[in-house]
Amino acid sequence: DNAAAVTVIGLGPMGQAMVRALLAAGHRTTVWNRTASRADELVAEGAVRAATVADAVAASELVVLSLTDYRAMYDILGAAGDALVDRVVVNLSSDTPNETRAAATWLAQRGADLVAGGVMVPAPLVGTDAAYVFYSGPRAAFEANRETLAVIGRPEYRGEDHALAQLYYQAQLDIFLTSLSAYLHAVALVGSAGVSAEEFAPYAVDNLNSLSMYVAQAAKNIDSGQHPGDLANAAMMGATADHILGASRAAGIDLELPGTVKAHYDRAIAAGHGADSWTSLFEVIRKPSA
Ligand code: NDP
């Protein structure tokens, strides 16, 4: 068959899910993990166990890493020696943009291309239609492996800069984690009056579902630097932000999250954006806070 050979190094929940998806798609899949026993079930399911890191890297032109961070990549591939020559290393581990660029240099010195990636779903969704993965790095190295990588999730190639995939990944988690904290904070606020999370749930769902409607117009405003505030302006919304802070203080709950939001409005209004749309907060958020 035509399915390309692939090596997966790092068999945490994510790596294991990737291996299972690749095996199901008919790829000869070689595995290696620091804690060798984590490969046992996968080998029983058809994966090939590599005895050493060098063997694992030698087995396939495409080497996928699924590790805690980039430090782990050095700890592991430091023992790969010449096997790295002409390999495409697709690192699906999370780390900072600078760490990612440094890793590209380190791999290039050993003859390998780095394609960096960020998987946007948890392990149970790897290999399903819901899965997508941001990639960046050399286009040719990515394109040569696109079909195999598509087994993990829909590939979203964002450009040549190795750091792009990490930035997209972190930007998505920035929205996700901040929204989750905002939701929990809101539950605590109504909870101070004895309202259960279940009672509040339908309203939270309605709110979260409607958030995405604001993105298209906000993006236009942000990219053009024009923030017309005819329907709702920063001064009005800043007053509301202050009321949320006051309500939180009265409820005796966390003040940091609403305090940060209020500070965004305060700084935007101080910068002259009071009559502009809330999107004008971007002009202060894009700069360092004091
Ligand atoms: P785990 O932390 O469970 O797995 C980490 C893997 O890295 C293990 O194979 C572990 O080996 C290995 N490892 C860590 N440090 C070292 C080291 N110094 N030397 C050698 N091996 C090392 O991670 P996940 O599978 O959950 O996630 C992998 C990556 O995917 C992470 O970057 C994570 O941010 C990202 N991700 C995770 C998601 C999730 O829902 N879990 C969702 C989307 C992305 P050993 O088994 O020996 O400990």
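Ligands are counted one by one from 1 in listed order, and the atoms in each one are counted from 1 as well. We use all heavy atoms of the structure for the numbers below, so side chains are in, but hydrogens, waters and symmetry mates are not.
- Note: Phe134 and Tyr168 have tilted aromatic rings, judged against thresholds of 30 and 60 degrees for the angle between ring planes.
- Residue Asp69 has no N or O atom closer than 3.5 Å to an N or O atom of ligand 1.
- Between His273 and His227, the angle of the ring planes goes over 60°, which puts this pair in the perpendicular group of the 30/60° scheme.
- Inclusion of Pro122 in the set of residues having an N or O under 3.5 Å from an N or O of ligand 1 is not warranted.
- Shown in contact with Asp75 at under 4.0 Å from a heavy atom are these atoms of ligand 1, numbered in order with element: 17 (C), 18 (N), 19 (N).
- When the shell of 6.0 Å around CD of Glu143 is examined, it contains more than 12 heavy atoms from other residues, nucleotides or ligands.
- Using a 4.0 Å cut-off between charged nitrogen and carboxylate oxygen, Glu283 and Arg267 do not count as a salt-bridge pair.
- Of the heavy atoms in Asn33, only side-chain atoms (C-beta onward) come closer than 4.0 Å to ligand 1.
- A side chain to side chain donor-acceptor pair (under 3.5 Å) with Arg49 is found for one member of Asp40, Asp55, Asn33, Thr30 and no other, namely Asp40.
- Taking only nitrogen or oxygen atoms, main chain and side chain alike, Val119 does not reach within less than 3.5 Å of ligand 1.
- For Arg38, the heavy-atom gap to ligand 1 drops under 4.0 angstrom.
- At the top of the distance list for atom 4 (O) of ligand 1, counting protein heavy atoms only, stands Gly12 CA, 3.6 Å.
- Close approach of ligand 1 to Ser66 is summarised as follows: ligand atoms under 4.0 Å from at least one heavy atom of the residue are 6 (C), 28 (C).
- Linking ILVMFWY side-chain heavy atoms closer than 4.5 Å, directly or via other members, places Leu67 and Tyr169 in two distinct hydrophobic clusters.
- Atom 26 (O) of ligand 1 has as its closest protein heavy atom Pro13 CD, 3.7 Å.
- Of all the heavy atoms of Tyr169, the ones lying under 4.0 Å from any atom of ligand 1 belong exclusively to the side chain.
- In this structure a side-chain-to-backbone donor-acceptor pair under 3.5 Å is present from Tyr157 to Gly137.
- By the 4.0 Å N-to-carboxylate-O rule, Arg101 lies close enough to Asp161 to be salt-bridged with it.
- Following chains of ILVMFWY side-chain contacts shorter than 4.5 Å, one cannot reach Tyr132 starting from Ile175, and the two form parts of different hydrophobic clusters.
- A distance-only check finds a donor-acceptor pair linking the side chain of Ser280 to the backbone of Ser277 [under 3.5 Å].
- Ligand 1 has an N or O atom lying under 3.5 Å from an N or O atom of Leu67, backbone or side chain.
- Of all protein heavy atoms, the one lying nearest to atom 15 (N) of ligand 1 is Ala72 CB, 3.6 Å.
- Atom 34 (O) of ligand 1 has as its closest protein heavy atom Ser94 CB, 3.5 Å.
- By heavy-atom distance, the residue among Met18, Met120, Gln16, Met14 lying nearest atom 38 (C) of ligand 1 is Met14.
- For the pair Arg87 and Glu61, the salt-bridge criterion is not met [side-chain N within less than 4.0 Å of a carboxylate O].
- Protein heavy atom nearest atom 45 (P) of ligand 1, with residue, atom name and distance: Thr35 OG1, 3.5 Å.
- Ligand-side atoms of ligand 1 in range of Val121: 42 (C), 43 (C), range being under 4.0 angstrom from any heavy atom.
- For ligand 1 and Gly10, the ligand atoms under 4.0 Å from any heavy atom of the residue are 9 (O).
- Taking any N or O of Thr68, backbone or side chain, at least one lies under 3.5 Å from an N or O belonging to ligand 1.
- By the rule that hydrophobic residues join a cluster once side-chain heavy atoms approach within less than 4.5 Å of another member, Val261 and Met236 end up as members of one cluster.
- In this structure, the protein non-hydrogen atom closest to atom 17 (C) of ligand 1 is Arg34 NH1, 3.1 Å.
- Per-residue contacts place Ile76 under 4.0 angstrom from the following atoms of ligand 1 (heavy atoms of the residue considered): 20 (C), 21 (N).
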